[in-house]
Amino acid sequence: MSDELAVSINGADKVFNQGEADEVAALSGIDLDIQPGEFVSLIGPSGCGKSTLLRLIGDLLEPTAGEVTVFGRSAHEARMDQDYGMVFQHAGLFDWRKVSANIELPLELRGWSKADRSTRSQEMLDLVKLPDFGGHYPRQLSGGMQQRVSIARALSFEPKLLLMDEPFGALDEMTREHMQIELLRIWEETGTTVVFVTHSIPESAFLSNRVVVLSPRPGRVHSIIDVDLGKRTEETREDPAFFATATEIREALRSVEVGQ
Ligand code: ADP
Ligand code: MG
């Protein structure tokens with residue numbers, strides 16, 4: 001169906017340790033729709049529930065109340081159908097496997113033949129601009145390169161949805177800016193839908209079509225900011241419209257902090 005939503009979250013609550021002394025209301029009344037092909041960022045203060053929300057979408061957690069659908073099915077069915085890839089702050093590569101074998105792992109689990117796996121991992125290495133690194137071990141790569149391998153692995157089986165939790169949080173500023181450009185290029189080339197958690201205001205402004213600002217305790221959608229900066233280039237970072245967007249996000253975050 002062409003009008004199908006990539007993600008639809010309706011009245012989702014998440015309470016950890018419900019009924020216990022250490023009960024935490026992490027999310028409350030979350031409503032959010034994401035269109036296919038969108039790039040949506042989740043931003044908010046530490047502990048506001050960004051990772052929890054991403055995990056609900058990815059079926060790594062179940063909502064306490066409400067509903068999460070991914071391409072018209074429950075998040076659980078979407079996970080069974082292997083509709084999404086995930087990338088975290090740490091690349092999470094297996095040290096004892098070469099780079100190509102790391103990228104091939106999800107394909108191995110899906111029963112791909114050796115020849116198909118090898119063709120695909122080379123395509124993915126080309127996509128993330130590491131064509132000659134398949135035979136290296138992860139420890140021989142820089143942090144930014146490892147993170148590119150992690151993205152290659154997540155995209156290897158062409159997921160319709162890419163869930164990313166502060167994937168560039170551990171990188172230095174210049175590597176991070178380079179990775180943002182690379183990610184946008186891959187996003188354009190593959191047409192995948194991206195949900196991206198960050199606590200960086202410029203990062204959210206630079207990458208997204210929409211920025212969802214969450215307020216804490218319990219996490220709620222405070223506001224959603226539309227971003228219209230056209231095709232991003234390095235020049236975008238110096239564009240007054242980019243600063244205006246960052247300011248809008250910053251002001252929303254400030255009002256979140258003071259509880260408005
Ligand atoms: P963020 O990613 O925005 O920093 P999280 O989604 O990780 O926030 O956490 C939201 C809240 O839920 C925090 O108060 C956190 O301590 C709590 N929380 C997260 N995961 C768990 C868990 N597995 N058990 C209990 N509490 C949790
Ligand atoms: Mg988090």
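As the structure lists them, so they are numbered: ligands from 1, and atoms in each ligand from 1. Heavy atoms only: backbone and side chains are in, while hydrogens, waters and symmetry mates are out. Position 1 is the first residue of the sequence, and the numbers go up from there. Model, not experiment: these values are computed from the prediction.
- Between Ala26 and ligand 1, no N or O atom pair is found at a separation short of 3.5 Å.
- Residues satisfying the side chain to side chain donor-acceptor pair (under 3.5 Å) test with Ser41, not counting sequence neighbours, are Ser208.
- Residues Ala75 and Val70 come closest through the heavy atom pair CA-CG2, 4.1 Å.
- A donor-acceptor contact closer than 3.5 angstrom links the side chains of Glu203 and Thr198.
- At the top of the distance list for atom 14 (O) of ligand 1, counting protein heavy atoms only, stands Val24 CG1, 3.7 Å.
- Within ligand 1, counting atoms from 1 as listed, the ones closer than 4.0 Å to a heavy atom of Thr52 are 5 (P), 6 (O), 9 (O), 10 (C).
- The shell of residues lying under 4.0 angstrom from ligand 1, judged by heavy atoms, excludes Gly44.
- On a distance-only criterion, Gly49 and ligand 1 share at least one N/O pair closer than 3.5 Å.
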Derivation of the salt bridge (charged side-chain N to carboxylate O under 4.0 Å, His left out) call for Glu62 and Arg55: CA-CA 8 Å; Glu62 276 185 42; Arg55 284 166 173 272; over 6 Å; no
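- Closest to atom 23 (N) of ligand 1 among all protein heavy atoms lies Phe16 CE2, 3.6 Å.
- Excluding waters, the set of protein N/O/S atoms under 2.8 Å from the Mg ion (ligand 2) reads Ser51 OG.
- The option from Gly219, Pro216, Gly47 that lies nearest to atom 1 (P) of ligand 1, judged by heavy atoms, is Gly47.
- Contact annotation for atom 16 (O) of ligand 1: protein absent (non-hydrogen atoms, distance under 4.0 Å).
- When hydrogens are left out, the protein atom nearest atom 7 (O) of ligand 1 is Ser51 CB, 3.8 Å; that is the closest non-hydrogen contact.
- In the displayed structure, Glu238 atom CD is contacted under 6.0 Å by at most 12 heavy atoms of other residues, nucleotides or ligands.
- Cation-pi geometry between Arg237 and Phe206 is met: the NZ or CZ atom falls under 6.0 Å from the ring centre, inside 45° of the normal.
- Side-chain contact of Asn102 with Ser100: a donor-acceptor pair under 3.5 Å is absent, judged by distance alone.
- An N or O contact shorter than 3.5 Å links Lys50 to ligand 1 by distance.
- Residues Thr175 and Asp172 have side chains that bring a donor and an acceptor to within less than 3.5 angstrom of each other.
- Taking the centre and axis of the six-membered ring of Phe39, the NZ or CZ atom of Arg210 falls outside the cone set by 45° and 6.0 Å.
- Proximity to Ser46 (heavy-atom distance under 4.0 Å) selects the following atoms of ligand 1: 4 (O).
- Side chains of Ser51 and Asp165: a donor on one and an acceptor on the other come within 3.5 Å.
- Of the possible polar contacts, none joining the Trp112 side chain to the Phe157 backbone as a donor-acceptor pair under 3.5 Å is found.
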